Amino acid sequence: MSTRQRDSAAYRPHVGELVLDRRTGRTGIYMDTIGGEHYLRPEGGGREWTAEPGHIGPAPDTPRFT
């Protein structure tokens, strides 16, 4: 039996929000949803990638050093 809840709604990020792509383990800025896929961009800029909505969640809190 799986511990995953398949009936729960997918996480719905806001534009500009830092999210976690659980499939790749990468964090990125949520840009938009087109054709049922979320478009994410690396925090420091760079090439966008797509992720399925079921693989996206809030980014974990990471310590920021100043």
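Side-chain atoms are counted along with the backbone in the values below, which use heavy atoms only and exclude waters and symmetry mates. For this chain, numbers begin at 1 and follow the sequence in order. These numbers were taken from a predicted model, which means no experiment stands behind them.
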Using atom types as modelled, flag every donor-acceptor pair under 3.5 Å from a side chain in residues 12-21 to any protein atom, sequence neighbours excluded.
unit_1: Glu17; atom_1: OE1; unit_2: His14; atom_2: N; d: 2.8
unit_1: Glu17; atom_1: OE2; unit_2: Tyr11; atom_2: OH; d: 2.3
unit_1: Asp21; atom_1: OD1; unit_2: Arg23; atom_2: N; d: 3.1
unit_1: Asp21; atom_1: OD2; unit_2: Thr24; atom_2: OG1; d: 3.2
unit_1: Asp21; atom_1: OD2; unit_2: Trp49; atom_2: NE1; d: 2.9

Closest approach of Pro42 and Arg26, non-hydrogen atoms and distance? CG-NH2, 3.9 Å
Heavy-atom pair of closest approach, residues Pro53 and Gly36: CD-O, 3.2 Å
Sequence neighbours excluded, the answer for side chain to side chain donor-acceptor pair (under 3.5 Å) partners of Glu52 is none
With sequence neighbours excluded, tell me which residues meet salt bridge (charged side-chain N to carboxylate O under 4.0 Å, His left out) with Glu48. Arg41
Restricting to side-chain contact (heavy atoms from CB on, under 4.5 Å), what partner residues turn up for Thr33, sequence neighbours left out? Tyr30, His38
